[in-house]
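Read through the structure below, which is laid out as structure tokens, and then see the notes.
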Amino acid sequence: GEGTQDKGAQQALQSGEQSGEQSVPGFEDLGSAWAADSDLVLFVKLFGLSTVLSALVKYGEIYLDAAFEPSLFLALLIIYVPTALNAAKWWTLGHEPDPMADL
């Protein structure tokens with residue numbers, strides 16, 4: 001059932017951590033980091049994180065001249081840097097051994 005799959009995935013992750021293998025960190029890692037939290041604690045954390053990040057985006061641009069000065073270079077940077085980082089992460093993950101392959 002699902003319980004055995006969850007245990008197997010946890011064991012595979014732990015064995016990967018013990019052998020010194022490290023993957024590229026990402027947002028999906030928050031799931032394992034916050035897995036022990038109750039629903040209420042998780043809700044409060046996600047609400048707080050969303051509130052702070054949205055306030056930084058909304059009001060942070062006021063302090064940057066980039067929001068008021070058009071720049072092709074900055075526009076391309078905003079598009080291509082996150083895209084390149086995402087592609088690099090997925091490329092790296094695609095070349096790591098599958099921890100579920102031995103189960």
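What you see is a predicted model, and the numbers here were worked out from it, not measured in a lab.
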By side-chain contact (heavy atoms from CB on, under 4.5 Å), which residues pair with [X], not counting sequence neighbours?
X	result
Val81	Leu77, Leu85
Leu72	Leu76
Thr51	Phe47

Which pairs with one or both residues in residues 69-85 pass side-chain hydrogen bond (donor to acceptor under 3.5 Å, both in side chains), sequence neighbours excluded? none

Residues sharing Tyr59's hydrophobic cluster, by side-chain heavy-atom contacts under 4.5 Å among ILVMFWY, directly or via others? Ile62

Any salt bridge (Lys or Arg N to Asp or Glu O under 4.0 Å) involving residues 31-41? Give me the pairs, sequence neighbours left out, ordered by first then second residue. Asp37-Lys45

How far apart are the closest heavy atoms of Ile79 and Pro82, and which atoms are they? O-CD, 3.8 Å

Is there a path of hydrophobic side-chain contacts, each under 4.5 Å between heavy atoms of I, L, V, M, F, W or Y residues, that connects Val44 with Leu49? no

